[in-house]
Amino acid sequence: MQPGQEAPMSINQLQSMAMSVIDLFCSIFTMPIEIILRPQYGTRYFQVPTIFFSSMLMLILPLFSSAATGLVNMIPFHRAAPGPVGLFGIGSLSSLYFFLVFLHGFRLWRRMVYMELELHSEFEGPPLPFFRLIPWSSSWAFTRIVLEPVFVFIGASLLEGAQIFQSGLATYLHFAAFMLAMRSFIQWYRGWEYVRKIMDGPVIGKVIGNLLQNKASEQELASVHLASFPKNISAELRTNAALHIARAYGIPTGKEQSHE
């Protein structure tokens, strides 16, 4: 690589960027639900772009719902029902969202000023108390990935059937439940991946060390999806290739440690 040239993006960086984009997209739809399910969320749990786009979504959706009804009435020989069936619609959720954001603003402002009141600013807070009555709720991952999305999905379906929620609101909650499960899974996967890389590091380092000395067996190389070097390769080229592989796996090398 020439001086001043940017390094090409690795597969791990592409995956991390893709997960960040998916997480942002999901959080935009789930924030109105999460501030209800997780009323003790930290000051940095929701990023600034999430708050902005979620607020814009809650402003646009009620307008879009009204416009859609008007467009349907413009179809020749067709008239929509006088009013949607149900007590609460998207507009009700939008009003509740901005009311809760206003209330949470005082709590978050207090935590931002008196930072000793908060142990971890990115923690989403404990689940609602009634989840403790459900089996397997002691598992953080199971509660976030399964129980809470299922609760939102079933609750929206039951309230729609009882004509309490309008179909538009129920559809949004069904979609948000799926987004909530995906967002929680990404959060869990990132933590798992971090620990898994730490555990894999010594094993991969040992294989690369054997590869550097041209002693790695085919079984060892297969475990990390590597091929053996040609027998007639120079020692310098073998060393540089092994160091490049180590950096690709995120394993610190001797040269990097010396610079540090």
Side-chain angles (χ1 to χ4, degrees), residues 15-16 18-42 44-47 49-58 60-62 64-65 86-101 103-104 120 122-196:
Q15 175 178 284
S16 179
M19 287 196 300
S20 298
V21 172
I22 296 173
D23 185 33
L24 174 62
F25 178 79
C26 293
S27 63
I28 293 172
F29 288 90
T30 61
M31 183 178 175
I33 310 305
E34 289 189 83
I35 60 177
I36 300 174
L37 290 175
R38 305 163 183 178
Q40 294 297 322
Y41 63 90
R44 293 198 305 133
Y45 177 63
F46 293 113
Q47 302 297 324
T50 298
I51 300 173
F52 172 78
F53 287 115
S54 186
S55 299
M56 292 299 297
L57 180 68
M58 287 295 100
I60 294 173
L61 276 184
F64 178 79
S65 178
L87 297 177
F88 303 103
I90 291 292
S92 303
L93 178 63
S94 177
S95 301
L96 178 62
Y97 167 79
F98 287 107
F99 176 72
L100 291 178
V101 167
L103 291 183
H104 282 297
H120 185 23
E122 292 184 337
F123 181 50
E124 71 273 22
L128 295 176
F130 67 85
F131 280 107
R132 300 173 185 172
L133 304 176
I134 303 176
W136 306 296
S137 61
S138 58
S139 170
W140 175 91
F142 189 79
T143 301
R144 301 305 191 195
I145 301 175
V146 179
L147 293 183
E148 289 182 343
V150 169
F151 170 76
V152 173
F153 189 92
I154 294 178
S157 300
L158 293 177
L159 292 175
E160 181 186 15
Q163 297 186 358
I164 297 176
F165 282 178
Q166 298 174 9
S167 60
L169 176 57
T171 301
Y172 172 83
L173 293 177
H174 290 157
F175 181 75
F178 174 75
M179 295 290 103
L180 183 61
M182 180 58 64
R183 172 169 159 79
S184 299
F185 173 76
I186 291 176
Q187 293 174 341
W188 172 84
Y189 182 85
R190 282 174 170 168
W192 172 85
E193 185 181 35
Y194 178 78
V195 176
R196 186 66 258 182

If you take all heavy atoms of [X] and [Y], which pair is closest and at what distance?
X	Y	value
Ile36	Leu128	O-CD2, 3.9 Å
Ile134	Ser137	O-OG, 2.8 Å
Ser55	Ile51	OG-O, 2.8 Å
Asp23	Ile186	N-CD1, 4.0 Å
Leu24	Pro49	CD1-CB, 4.2 Å
Leu147	Pro135	CD1-O, 4.4 Å

>> Please check this pair: side chain of Ser94 against backbone of Ile90, looking for a donor-acceptor N/O pair closer than 3.5 Å.
In response: no
> So, the side chain of Tyr172 versus the backbone of Gly89: is there a donor-acceptor pair under 3.5 Å, distance only?
Replying inline: no
> Are Val152 and Leu37 close enough, and set up right, to give a side chain to side chain contact (heavy atoms under 4.5 Å, CB included), and what steps lead you there?
Replying inline: CA-CA 9 Å; Val152 173; Leu37 290 175; 3.8 Å; yes
>> So, taking the atom named CD in Gln47 and the one named CE in Met31, what distance separates them when rounded to the nearest 0.5 Å?
In response: 11.0 Å
>> Can you see whether Phe131 has Arg38 sitting over its ring - NZ or CZ less than 6.0 Å from the centre and within 45° of the normal?
In response: no
> When you look at Arg190 and Ser20, which way does the side-chain hydrogen bond (donor to acceptor under 3.5 Å, both in side chains) test go after all the steps?
Replying inline: CA-CA 10 Å; Arg190 282 174 170 168; Ser20 298; 3.0 Å; yes
Using the six-membered ring wherever Trp is involved, compare the ring planes of [X] and [Y] and label them parallel, tilted or perpendicular (cut-offs 30° and 60°).
X	Y	answer
Trp136	Phe142	perpendicular
Tyr41	His104	tilted
Trp192	Tyr189	tilted

> How far apart are the C-alpha atoms of Glu124 and Trp140, what are their side-chain angles, what is the distance that settles it, and do they pass the side-chain hydrogen bond (donor to acceptor under 3.5 Å, both in side chains) test?
Replying inline: CA-CA 11 Å; Glu124 71 273 22; Trp140 175 91; 2.8 Å; yes
>> The test is side chain to side chain contact (heavy atoms under 4.5 Å, CB included); show your working for Met179 and Phe25 and say whether it passes.
In response: CA-CA 8 Å; Met179 295 290 103; Phe25 178 79; 3.8 Å; yes
